[in-house]
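Data block below; observations after.
Convention: sequence-line order gives letters A, B, ...; per-chain numbering from 1.
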Amino acid sequence: MKPNKLPEGFYGRANVVEVAKDLIGKVLVTTQNEGTTSGIIVETEAYSQSEKGCHAYKGKTARNAVMFENGGVSYVYLCYGLHHMFNVVTNQNGIANAVLIRALEPLKGGDLMQQRSKTVSLSRITSGPGKLCKAMGIDKQLNTSSLMGDQVWIEDQGIHIPKGNIIASPRIGIDYAGQDALLPWRFYLKDNGWVSRT
DNA sequence: TACGTGATCACG
DNA sequence: GTGATCACGTAA
């Protein structure tokens with residue numbers, strides 16, 4: 001079955017918060033030599049140039065340059081020296097918006113995820129932005145990759161999420177952003193066991 | 001609650 | 001060059 005990849009237009013929209021919300025229930029897929037892994041997106045966060053939580057708040061740098069590109073590419077970086085974070089860039093060229101993927105519910109490639117994560121149990125293996133990158137095999141090599149390509153992409157598998165089951169809350173781990181840390185730009189699926197710790 | 005870990009960025 | 005900082009995860 002041909003994958004139903006989300007088109008550029010999905011990412012190109014002007015409202016990054018809308019995109020973050022719409023990504024809940026979509027499926028993130030990576031394909032590498034070792035095989036394919038995929039999982040349902042159950043938690044996201046929106047980031048925009050105009051607020052202090054965003055890496056691009058102070059302008060363009062070598063690291064965040066990709067956030068200024070047209071929507072539909074990946075932004076991957078290393079945090080705390082050991083954890084990779086996977087974001088999708090949204091909006092149009094020149095405007096820095098991105099959505100951080102924070103948690104997945106595994107669909108395919110569970111064995112491979114376990115191998116990569118060096119853990120025996122599948123339990124909670126993708127319930128956090130650092131952990132899911134490890135399980136999916138995402139690292140800086142995939143930074144700036146097109147999501148219309150065949151290494152990493154997001155597809156619509158027709159999973160229906162009732163609007164009422166998407167909960168908005170403040171974002172995690174950005175206390176330094178002051179007031180902007182209070183923006184309700186984190187979205188997650190109600191009662192889903194894979195959502196990251198609060 | 002504490003801390004590992006290394007890229008990144010703003011200073012000189 | 002150098003030093004502070006960090007969109008986390010684990011152990012305890």
Side-chain angles (χ1 to χ4, degrees), chain A residues 11 15-21 23-24 28 39 41-69 71 73-91 95-106 113-145 147 152 154 166-189 192-198:
Chain A
Y11 304 103
N15 188 340
V16 64
V17 176
E18 282 297 309
V19 178
K21 204 183 302 179
L23 279 170
I24 302 287
L28 175 65
I41 298 172
V42 298
E43 182 178 352
T44 61
E45 284 179 0
Y47 287 89
S48 169
Q49 191 171 5
S50 56
E51 44 86 15
K52 292 201 194 84
C54 183
H55 285 161
Y57 177 65
K58 293 184 198 158
K60 191 184 275 195
T61 67
R63 179 177 68 163
N64 66 30
V66 66
M67 290 181 82
F68 289 82
E69 296 194 12
V73 294
S74 72
Y75 168 41
V76 183
Y77 70 95
L78 190 66
C79 186
Y80 296 104
L82 41 159
H83 307 296
H84 290 279
M85 303 281 131
F86 174 73
N87 302 250
V88 304
V89 173
T90 71
N91 215 319
I95 305 171
N97 284 5
V99 177
L100 170 67
I101 308 297
R102 286 191 57 88
L104 302 173
E105 176 174 333
M113 291 189 192
Q114 281 176 291
Q115 245 173 272
R116 287 177 176 143
S117 301
K118 298 193 177 24
T119 174
V120 257
S121 160
L122 252 188
S123 168
R124 312 277 297 157
I125 200 172
T126 50
S127 62
K131 288 198 284 186
L132 77 86
C133 282
K134 200 167 182 187
M136 299 288 286
I138 295 171
D139 62 21
K140 281 194 63 179
Q141 259 195 329
L142 289 180
N143 191 28
T144 76
S145 296
L147 300 178
V152 54
I154 298 173
I166 300 178
I167 314 287
S169 79
R171 293 169 296 173
I172 299 205
I174 54 162
D175 293 344
Y176 61 87
Q179 285 280 317
D180 290 335
L182 302 176
L183 292 168
W185 284 9
R186 170 174 176 248
F187 300 97
Y188 63 93
L189 200 48
N192 185 284
W194 295 93
V195 170
S196 72
R197 73 183 159 75
T198 49

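Residue A:T61 has its side chain nearest to B:dA10 when only C:dT10, B:dA10, C:dC8 are considered. The side chain of A:R63 has B:dC9 as its nearest neighbour among C:dA7, B:dC9, C:dT10. For A:Y176, the side-chain atoms get nearest to C:dC6 when compared with the rest of C:dT10, C:dC6, C:dC8.
Computed from coordinates, the A:K58 NZ to B:dC11 C1' distance equals 12 Å when rounded to whole Å. When the C1' atom of C:dG9 is taken as reference, atom CE of A:M85 falls 9 Å away, rounded to whole Å. If you take CG of A:D175 and P of C:dC8, they are 10 Å apart, rounded to a whole angstrom. Straight-line distance from the CG atom of A:D180 to the C1' atom of C:dA7: 14 Å, rounded to whole Å. The interatomic distance linking A:L78 (CG) with B:dA7 (C1') rounds to 6 Å, in whole Å. The interatomic distance linking A:Y75 (OH) with C:dA7 (P) rounds to 9 Å, in whole Å. Atom CG of A:L82 and atom C1' of C:dC6 are 11 Å apart (whole Å). Here B:dG6 presents its P atom at 17 Å from OH of A:Y77, a figure rounded to the nearest Å.
Under the 3.5 Å distance criterion, the side-chain polar atoms of A:E43 are left unmatched by any main-chain donor or acceptor of A:F187. At least one donor-acceptor pair under 3.5 Å links the side chain of A:N64 to the backbone N or O of A:H55. In this structure, the side chain of A:N87 engages the main chain of A:Y75 through a donor-acceptor pair within 3.5 Å. At distances below 3.5 Å, not a single donor-acceptor pair connects side-chain atoms of A:R197 with backbone N or O atoms of A:G128. One N or O on the side chain of A:R171 and one on the backbone of A:D180 form a donor-acceptor pair closer than 3.5 Å.
In this entry C:dA7 has no Watson-Crick or G-U wobble partner, no candidate having both defining distances under 3.5 Å.
Using a 4.0 Å heavy-atom criterion, one finds that A:A177 contacts no nucleic acid atom at all. Nucleic acid contact class of A:G53 (heavy atoms, under 4.0 Å, all strands): base.
A:Y80 has no side-chain polar atom (N or O) that falls below the 4.0 Å cut-off from OP1 or OP2 of C:dT5. In this structure, A:H83 does not reach the C:dA7 phosphate: none of its side-chain N or O atoms is under 4.0 Å from OP1 or OP2. A sub-4.0 Å separation between OP1 or OP2 of B:dT8 and a side-chain N or O of A:K140 is present.
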